[in-house]
Amino acid sequence: MENLEITELPIPDITDNEVLVKVKAFSINPVDIKTRLGRGQASRLKEYNPIILGWDISGVVTKTGKSVTSLKKDDEVFGMVNFPGHGKAYAEFVAAPGSHLTLKPANISHEEAAAASLAALTAWQILKEKVSIKPGERVLIHSAAGGVGHFAVQMSKYLGAYVTGTSSGMNRDFVLSLGASEHIDYEEQTFEAVLKDIDFVLDTIGGDYIDRSLKVLRPGGTIISIPSGAAESVSDKAHAKGFNGDTFRVQSDGRNMKEIADLLEKGIVKSYISKVFSFDDIHAAHRQIESGKTKGKIVVAF
Ligand SMILES: NC(=O)c1ccc[n+]([C@@H]2O[C@H](COP(=O)([O-])OP(=O)(O)OC[C@H]3O[C@@H](n4cnc5c(N)ncnc54)[C@H](OP(=O)(O)O)[C@@H]3O)[C@@H](O)[C@H]2O)c1
């Protein structure tokens, strides 16, 4: 596969603020594929070429830097490491800032924890912090069956919203099972013809989905667009029509990871993992995400 090779490297050194994690599972996100192909985070990481891809890990702490007080050896931890930046998560050992990780709840697997890193953090930082969804608000989640979307549906529901999710008909029952009250099959229905008075749209697709989504917002409603590139015009387009609109980029944050860990521990949010790959099968894992049809998350487990 273009730009993706497995190789042997020494175990990384850690700085005072880092811990060394023996990785049990890591997850794959669309940004990994974009970065491999020279987009995504590639320009930011030019100086490190070749890079070690990946940002989402779950594993066991084997060593702690002397300034790390929140974690200790043998702790089971998970989180999104150094995003934006060089995560180096596709590896058996990862040096991670202690402040980017949190303790893995004992009642979820390393696979489930790794899956609930970048995608869950994106949904949570948008819904809880950037937009602050209130009970009773009407929320539209595009790609509700995907990595970000399946967490966003569950979290919106938890925050008290009335949730509509879009996916193909194949994933209708899955989206409803996550807590959506309404489902729109994008292959059969034009969502802007059937929805109105939406308070918040999470746009995971960009392009004409921005213009189409603006048609369903209530006056003063909000759209956040997360795909890179296609989304830059969202704020101009939204403001021109009296809406709020912005792009968003997820940031590593152990405090938010702890909030997600609590939701996972209580069973309020669950990771749906459609496939676990072996490390040697990483190329197949990338092809799966490239398909654009991944249900929930995929992870690589050691
Ligand atoms: N800015 C940020 O911080 C940030 C963070 C995370 C992700 N992202 C970006 O957000 C996008 C989504 O990420 P992701 O991890 O959720 O991707 P993903 O898991 O690969 O998304 C796959 C899902 O998209 C659904 N889908 C495809 N076309 C659709 C359509 N027209 N309408 C509704 N659903 C559709 C598929 O459902 P069906 O199989 O049913 O079609 C599938 O379940 C990517 O571009 C990613 O790079 C940005």
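Quick note: numbers below take in every heavy atom, side chains included, and nothing from hydrogens, waters or symmetry partners. Whatever order the structure lists ligands and atoms in, that order sets their numbers, starting from 1.
Partner of Ile223 under the side chain to side chain contact (heavy atoms under 4.5 Å, CB included) criterion, out of Val216, Asn244, Val201: Val201 alone.
Taking the side-chain hydrogen bond (donor to acceptor under 3.5 Å, both in side chains) definition, one finds that His110 meets it with Ser58, Glu76, sequence neighbours left out.
For ligand 1, residues of the protein lying within 4.0 angstrom by heavy-atom distance are Pro30, Lys34, Leu118, Thr122, Ser143, Ala145, Gly146, Gly147, Val148, Thr166, Ser167, Ser168, Asn171, Tyr186, Thr204, Ile205, Tyr209, Ile226, Pro227, Phe248, Arg249, Val250, Gly292, Lys293, Thr294.
Side-chain rings of Phe191 and His142 approach one another, their centers coming within less than 6.0 Å.
We find that Asp199 and Arg218 are joined by a salt bridge, their nearest charged nitrogen and carboxylate oxygen being less than 4.0 Å apart.
Other residues, nucleotides and ligands contribute only 12 or fewer heavy atoms inside 6.0 Å of the NZ atom of Lys275.
In the model, His183 has no side-chain atom that pairs as donor or acceptor with a side-chain atom of Thr164 under 3.5 Å.
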